[in-house]
Amino acid sequence: MTLGPAQRAKALREQIVAHDYRYYVLDDPSVTDAEYDALMVELRQLEAAHPELISPDSPTQRVGGAPSPEFRPVSHRVGMLSLDNAFADEDVIAFDRRAHERLASDGVAAPVDLLYSAEPKLDGLAISLYYENGRLINAATRGDGTTGEDVTANIRTLRCVPLQLRSAEQTRVQVPRELEVRGEVFMPTEGFMRLNERAAAAGEKVFANPRNAAAGSLRQLDPRVTAARPLQAFFYAVGHWQGVAAPDSHHELLRWLAELGLRTCPESRMVRGVEGCLAYYRDLGARRAQLPYQIDGVVYKVDARSLQEQLGQVARAPRWAIAHKFPADEAITLLREVEFQVGRTGTLTPVARLEPVVVGGVTVSNATLHNMDEIERKDVRIGDTVIVRRAGDVIPEIVRVVLDRRPQHARRVHLPESCPVCGHAVVRVAGEAAARCSGGYSCSAQRKEALRHFVSRRALDVEGLGDKLIEQLVDAELVRSPADFWALSVAQLSELPRMGEKSAANVVTALHERRQTTLPRLLHALGIPGVGESTAAALAAHFGSLQRLMEADQAALQAVSDIGPVIAASLRAYFDDAGHRNELKRLRDPAGAALEWPEHEGRKPTAEGPLTGLTIVITGSFTGITREEATEALQKLGAKVAGSVSGKTSLLIAGEEAGSKLAKAQALGVRVVGEQELKTLLSGQPI
DNA sequence: GCTCCTCGAGTTCT
DNA sequence: CTCGAGGAGC
């Protein structure tokens, strides 16, 4: 007998979903791709002939609806935590010891060797999927952990993501009424390479690494584009569930997810104790290059759920899990040339020009060598083969030279005798690491940098005056000193290449808006050697007006805290210079730049508040507040906000992606809190 | 005079 | 982020 179209469609869908499950979750396909495709074709034809049979969770409906105009924000009902990082074996040992100590102090009996569930840490994007009665309702990115973006339409196009969880009849487990499951979306290395090859052939821009490619693919407005990208996903955690008994351990949770049709990573293993963790780390590290996807470390999770609950979480990371990162990626490349850059203060900085090489997922072609001492210490020569690393995973640095590969013709690096930009003599003060161009303001490099600094965000904060524009203005000799900026007309600006009347007008308006400034900003903008943002603020608070500051002698200057003989002399030298005094006059002149700032009596008392006496350091990023805003708010409450962690630090407030400061605070035993506590503090309550 | 701490300055890539 | 150096305290 023949089936009616409705039954046939249902049968086809069940077969396709079953094949998806075998293929993605069990990794054991039972049909060829051609057979699978034939089923899809038949279902499509059937649905085309009988549109009433189409259901939203039909496998043909992965790419559905019109492109969504935006990615709506979605708040996670349970915050998506991040993990603490371990970089060395000792960090893992300490993590295990802390877990033991905590359990012991809570009176919980734990085995000598805790059981851990270990899995690779994929280099992709964390996502959260929400299923109701087994049906996929929405999908969101991790975002900041509290709020992510709605990427449902794009996630639906991933064939390894079930639109419908396996039913109660198909599984040996209960299907939850509600399930919020978390995992990682990533692009397998091979798919990434093919995608880039095609993009390069088509003259489109290529992605720097699989992670960026995955992120870019998920951010497509048109789901059809996402559907064509080779994205995959593994699931490894549950944020929220209802209508089902939770598995007792992480490894059972993974099994349970797989049973529901959610793909889990085949590399996850149970390991015993620290030794087991470290052995797993080494094994995976050795096989890293052979894995079909990119990983940046491994994750250990205390397996038993009862112990996880006992351990709880701190700030924004659980105490029962840690990510053990692989060492920073290093690459080997050729040092082609060493050039010297001239900074605002005339400092000559040697920069290595490298044969471009991919390190840690980005292409690096420059690396700073800091100064001549550094070059000698590392014995770097032009033509050398060098090992490059991204320090703190961000700024490229040359780790060392591969001496075996030094060619005969390798050249030593010599400090130029004259400035490469202006030709003035280069001087090196005995005992100082830096070499300087003696050209001062007549050196166009120093002038450009000084002008750039003057209008930079933390100084006068003029928008629209970027590096390129300043370069043009200096080269065209339209601007020589900061006061000249305010003499620019729209007509003059619009004559410059790539500058329309509209942008020119915007720049003039932006300059005008910043005429009203503050004394600390102005003092910082001047770029007096040794006077940065914080010293400028101290000077402004102490003297109250530019006039009184300019009249102060060395002794009066040294009365300001943090000002010693060196900075006092630097200030005096600056204000004694006729050129500088003339520039200040032009800046203040109502017929010139006409800058204005409020003056006061000076010596503003430091704020007294509930936090007086505390030295607080802030690191990482927060959701509702920037670090700058938090700093200001804490200072208003009387706290001293410092830039680095030391023995004197009373508290470290760590946000997302906290770096070395967090590690240092932990090493020094400084108390660490998170954004929650920051908010509590700012509301005036103790923590 | 020594040591610790903080600030300033310079830097990369997307 | 990191390094160098000035400032402050012992």
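Lettering of chains follows the sequences in order, A, B, ..., and the numbering in each one begins at 1. Below, each value reflects all heavy atoms present in this structure, side chains not excepted, and no hydrogens, waters or symmetry copies.
What separates NZ of A/K448 from P of B/dG10 is a distance of 16 Å, to the nearest Å. For the pair A/R389 CZ and B/dT12 P, the interatomic distance rounds to 17 Å; values are reported in whole Å. The interatomic distance linking A/I375 (CD1) with B/dT11 (C1') rounds to 15 Å, in whole Å. When the P atom of B/dT11 is taken as reference, atom CD1 of A/I398 falls 14 Å away, rounded to whole Å. Straight-line distance from the CD1 atom of A/I616 to the C1' atom of B/dT6: 17 Å, rounded to whole Å. Between the CG atom of A/L354 and the C1' atom of B/dT11 there is a distance of 14 Å, rounded to whole Å. We find that CE of A/M372 is positioned 14 Å from P of C/dG4, with the value rounded to whole Å. When rounded to the nearest whole Å, the span between CD of A/E374 and P of B/dG10 equals 16 Å.
Here the nucleotide nearest the side chain of A/H370, chosen from C/dA8, C/dC3, B/dA9, is C/dC3. Taking every side-chain heavy atom of A/N366 into account, B/dT12 is the closest of C/dG4, B/dT12, C/dG7. Out of C/dG7, B/dG10, B/dT11, the shortest distance to the side chain of A/I567 is found at C/dG7. Here C/dG6 is the nucleotide among C/dG4, B/dG8, C/dG6 with the atom lying nearest to any side-chain atom of A/V566. The side chain of A/S561 sits closest to C/dA8 out of B/dG8, C/dA8, B/dT6. Counting only heavy atoms from C-beta on, A/A642 has its side chain closest to B/dT6 among B/dT6, B/dC13, B/dG10. Candidate nucleotides B/dT11, B/dC7, B/dA9 were compared by shortest atom distance to the side chain of A/T345, and B/dA9 ranks first. Nearest to the side chain of A/P565, among B/dT11, B/dC7, C/dG7, sits C/dG7. Each of B/dA9, B/dC13, C/dG7 was ranked by its minimum atom distance to the side chain of A/V364; first place goes to B/dC13.
Considering only side-chain N and O atoms, A/T349 lies under 4.0 angstrom from the phosphate OP1 or OP2 of B/dT11. Residue A/T347 places at least one side-chain N or O closer than 4.0 Å to OP1 or OP2 of B/dG10. Within the structure, every side-chain polar atom (N or O) of A/T368 is placed at least 4.0 Å from both OP1 and OP2 of C/dC1.
Between A/V421 and A/S444, the closest heavy-atom pair is CG1-OG, 3.4 Å. Annotation for A/V357 and A/A331: closest pair CG2-CB, 3.6 Å, computed over non-hydrogen atoms.
Within 4.0 Å (heavy atoms only), A/Q341 reaches sugar-phosphate atoms of the nucleic acid but no base atom.
Rounding to the nearest 0.5 Å places CG of A/D123 at 4.5 Å from CG of A/D296. From A/L354, atom CG reaches atom CZ of A/R336 across 8.0 Å, with rounding to the nearest 0.5 Å.
Ring orientation note: the planes of A/H453 and A/H524 are nearly perpendicular, at an angle over 60° on the 30°/60° scale.
Salt bridge A/R377/A/D379: absent, no basic N to carboxylate O contact under 4.0 Å.
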